[in-house]
Amino acid sequence: MSENKTPRETDIVIAGGGLVGLTAALALASGAAGAPFRVVVVDALDPKSVVNAAYDGRNSSIAYSSWRLFEALGIADRLQGREQPINDILVTDGKVREGASPMFLHFAAAEIADETGDAPLGHFVENRHLREALLEAVAACDGIELIAPAKVADVTYAPGHALMTLEDGRTIKADLCVAADGRGSPVREKAGIKTIGWGYDQAGIVTTMVHDRPHEGVAQEYFLPGGPFAVLPMTGNRSSLVWTETKTVAADLMALDDDAFAAEAQDRFGTYLGDCRPDGPRWSYPLSLQLARDYVKPRLALVGDAAHGIHPLAGQGYNLGVRDVAALVDVLVESRKVGLDIGALTVLDRYQRWRRFDSTALAVMTDGLNRLFSNDIGPLRVVRDLGLGLVNQFGPARRLFMRQAAGAVGDLPTLMRG
Ligand SMILES: Cc1cc2nc3c(=O)[nH]c(=O)nc-3n(C[C@H](O)[C@H](O)[C@H](O)COP(=O)(O)OP(=O)(O)OC[C@H]3O[C@@H](n4cnc5c(N)ncnc54)[C@H](O)[C@@H]3O)c2cc1C
């Protein structure tokens with residue numbers, strides 16, 4: 001254990017260098033939205049271990065507006081050749097072994113081309129590649145110091161600063177602490193910020209499948225009685241399954257051998273991709289909804305899953321975190337420009353007002369969709385199938401949903417405007 005009594009001084013210290021923490025560090029230090037900040041990021045994990053395929057088999061769908069921030073920060077360039085554009089999204093209701101309902105919802109990138117140019121609806125990226133690109137960009141940025149592996153032990157708040165203490169005794173003094181330390185956020189807990197939410201009796205199984213036929217950049221989501229079942233396009237003839245089931249069924253599926261698992265999967269999504277085989281391990285994630293009651297306190301701002309954890313059915317958790325980051329950057333840059341203290345509650349309150357409604361609305365929407373679709377109740381099935389069909393027939397409604405999914409609505413922060 002090394003003891004160093006002199007605190008390292010910086011503008012902003014970030015607890016947690018996961019996807020959102022690293023994105024926050026880059027956005028704050030790059031100066032792409034105004035004057036750059038000096039940033040220190042602390043993460044408990046060794047950066048070498050988090051880019052290993054065995055650490056996280058998930059992919060992230062990066063919405064159109066988040067991709068704009070990636071372009072502004074040079075992350076998009078680093079992902080070239082490692083991302084799969086999403087051109088179409090198909091949403092259907094279905095039953096195991098009975099196939100999809102004839103009512104479906106089809107989103108095509110071309111439909112909102114007047115706003116987005118020829119851009120795809122989003123990009124699908126393996127989390128290991130995303131972490132790699134973010135870590136490369138962090139290493140190339142002079143204003144960021146990444147301290148990892150190192151665990152945050154405590155953060156205390158004084159009128160002029162926040163003081164972070166690491167488990168090895170090192171201290172970091174900053175104008176502002178940003179908590180990006182995930183759903184269990186120790187920094188949020190220590191600050192006494194309570195959360196509301198509930199667990200779903202569901203787990204999300206994630207694995208990669210290789211298949212004979214190309215997916216053509218189409219993301220498919222089937223609402224099955226156990227929960228949503230997504231087949232999401234990866235580079236090459238590969239797709240990522242995000243398969244939600246009740247916890248008991250998920251445990252049984254996790255125990256199957258590869259052939260039996262592939263047969264169960266194909267019973268759900270059919271044969272449009274030809275013969276499919278699992279390509280690598282399976283992961284199972286418990287699912288829950290969790291919202292922090294406050295996103296800010298004097299000298300503290302929560303971002304990403306530390307502030308809001310939502311059901312993954314819309315693939316928006318990380319995208320919400322990116323929107324937090326972009327909004328926080330705008331608020332801090334503007335405040336500093338006029339000489340305000342970036343740790344003051346009056347400044348941070350603006351960030352909270354900007355972000356809380358959007359995150360809560362999405363959490364409520366994903367929760368509602370999950371409840372409406374994850375069952376086999378006949379009358380409900382009729383109503384939701386009609387709903388899907390109606391939205392699909394009605395162009396303006398369909399385009400509104402697409403703009404929502406692309407994150408291209410509302411008061412967009414500078415880094416997301418392109
Ligand atoms: C099955 C599934 C599929 C998903 N698919 C998508 C998708 O397609 N698109 C999308 O946008 N989102 C998706 N999500 C959501 C997305 O993965 C999360 O919202 C996102 O990873 C949250 O990132 P974060 O950085 O806020 O938190 P985390 O990833 O939890 O990172 C927190 C970091 O904090 C560090 N940490 C914690 N405690 C300490 C401490 N005491 N000291 C130092 N460091 C600490 C951890 O080591 C970790 O690196 C999905 C989620 C699931 C479960």
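We count ligands from 1, going down the list as the structure has it; atoms in each ligand are counted the same way. Computed from a predicted model, the values in this text were never measured in an experiment. For this chain, numbers begin at 1 and follow the sequence in order.
Between the choices Val42, Asp305, Leu19, Asp43, the shortest heavy-atom distance to atom 47 (O) of ligand 1 belongs to Asp43. For atom 8 (O) of ligand 1, the nearest non-hydrogen atom from the set Gly17, Ala63, Ser61 comes from Ser61.
Checked against Glu126 for a salt bridge (Lys or Arg N to Asp or Glu O under 4.0 Å), the options Arg82, Arg238, Arg58 give a single hit: Arg238. Each of Val40, Ile342, Val41, Asp175 was checked for a side-chain contact (heavy atoms from CB on, under 4.5 Å) with Ile12, and the lone residue meeting it is Ile342. The only option from Thr10, Leu28, Leu332, Val296 that meets the side-chain contact (heavy atoms from CB on, under 4.5 Å) definition with Leu176 turns out to be Leu332.
Across every non-hydrogen atom of Asp181 and Pro186, the tightest pair is OD2-CD, 3.1 Å.
Within the listing of ligand 1, atoms 32 (C), 33 (C), 34 (O) sit less than 4.0 angstrom from a heavy atom of Ala180. In the vicinity of Gly18, heavy-atom distances shorter than 4.0 Å reach the ligand 1 atoms 25 (O), 31 (O), 33 (C), 49 (O). Close approach of ligand 1 to Gln316 (heavy-atom distance below 4.0 Å) involves ligand atoms 10 (C), 11 (O). For ligand 1, the atoms sitting less than 4.0 Å from at least one non-hydrogen atom of Gly304 are 26 (O), numbered in the order shown with element in parentheses. Every atom of ligand 1 is numbered from 1 in the order shown, and the set under 4.0 Å from a heavy atom of Ser60 is 7 (C), 8 (O), 9 (N). Residue-ligand proximity, Gly16 to ligand 1, at heavy-atom distances under 4.0 Å covers atoms 34 (O), 35 (C). Ligand-side atoms of ligand 1 in range of Leu45: 47 (O), range being under 4.0 angstrom from any heavy atom. Listed by number with element, the atoms of ligand 1 under 4.0 angstrom from any heavy atom of Val152 are 40 (C), 41 (N), 42 (N), 43 (C).
Ligand 1 lies within reach of Ala44, whose nearest heavy atom is under 4.0 Å from it. Gly321 does not count as a contact of ligand 1, since none of its heavy atoms falls under 4.0 Å from the ligand. Distances from ligand 1 to the non-hydrogen atoms of Ala150 include at least one value under 4.0 Å. Heavy-atom distances between Thr23 and ligand 1 stay at or above 4.0 Å for every pair.
Counting non-hydrogen atoms of other residues, nucleotides and ligands closer than 6.0 Å to CG of Asp142 gives a total of 12 or fewer. Atom CZ of Phe357 sits in a sparse spot, with 12 or fewer heavy atoms from other residues, nucleotides or ligands closer than 6.0 Å. Heavy-atom neighbours of Lys247 NZ from other residues, nucleotides or ligands within 6.0 Å: above the threshold of 12.
The distance criterion of under 3.5 Å between nitrogen or oxygen atoms is not met by Val242 with respect to ligand 1. Of the polar atoms of Gly317, at least one N or O is found under 3.5 Å from an N or O of ligand 1, judged by distance alone. In terms of polar-atom proximity, defined here as any N/O pair under 3.5 Å, Tyr318 does make such a contact with ligand 1. An N or O contact shorter than 3.5 Å links Val20 to ligand 1 by distance.
At a heavy-atom distance under 4.0 Å, no atom of Ala153 approaches ligand 1. Only side-chain heavy atoms of Val206 come within less than 4.0 Å of ligand 1; its backbone N, CA, C and O stay farther off. The side chain of Pro186, and not its backbone, has at least one atom closer than 4.0 Å to an atom of ligand 1 (non-hydrogen atoms only; side chain from C-beta on). Counting heavy atoms under 4.0 Å from ligand 1, residue Arg183 does not touch it at all. Contacts between Lys151 and ligand 1, counted as non-hydrogen atom pairs separated by less than 4.0 Å, involve both the backbone and the side chain.
Put simply, atom 29 (O) of ligand 1 has no protein non-hydrogen atoms near it, under 4.0 Å away. At least one protein heavy atom sits closer than 4.0 Å to atom 42 (N) of ligand 1.
Taking the six-membered ring for Trp and the full ring otherwise, Trp243 and Phe261 have centroids separated by under 6.0 Å. Between Trp67 and Phe70, the distance separating the two ring centers is shorter than 6.0 angstrom.
Closest protein heavy atom to atom 2 (C) of ligand 1: Arg58 CD, 3.6 Å. Nearest protein heavy-atom contact of atom 4 (C) of ligand 1 is Pro312 CB, 3.9 Å. When only non-hydrogen protein atoms are considered, atom 9 (N) of ligand 1 lies nearest to Gly315 O, 3.0 Å. Atom 36 (N) of ligand 1 has its closest protein heavy atom at Asp181 CB, 4.0 Å. With respect to atom 27 (O) of ligand 1, the closest heavy atom belonging to the protein is Gly182 CA, 3.7 Å. In terms of protein heavy-atom proximity, atom 5 (N) of ligand 1 is closest to Asn59 O, 3.8 Å.
Under the 4.5 Å side-chain criterion, counting only non-hydrogen atoms from C-beta, His211 is in contact with Ser239. In this structure, Asn59 and Met234 have side chains that are in contact, with non-hydrogen atoms separated by less than 4.5 Å. Between Asp252 and Met254 there is no side-chain heavy-atom pair separated by less than 4.5 Å. The closest side-chain heavy-atom distance from Val329 to Pro413 is not below 4.5 Å. No side-chain heavy atom of Met209 sits less than 4.5 Å from a side-chain heavy atom of Leu273.
A cation-pi contact, defined as under 6.0 Å to the ring centre and within 45° of the axis, is absent between Arg131 and Tyr55.
Using a 3.5 Å distance cut-off with no hydrogens or angles, the side chains of His106 and Asp88 do pair a donor with an acceptor. For the residue pair Gln202 and His311, a side-chain donor N or O sits within less than 3.5 Å of a side-chain acceptor on the partner.
With hydrogens and angles disregarded, a donor-acceptor distance shorter than 3.5 Å links the side chain of Gln290 to the backbone of Arg183.
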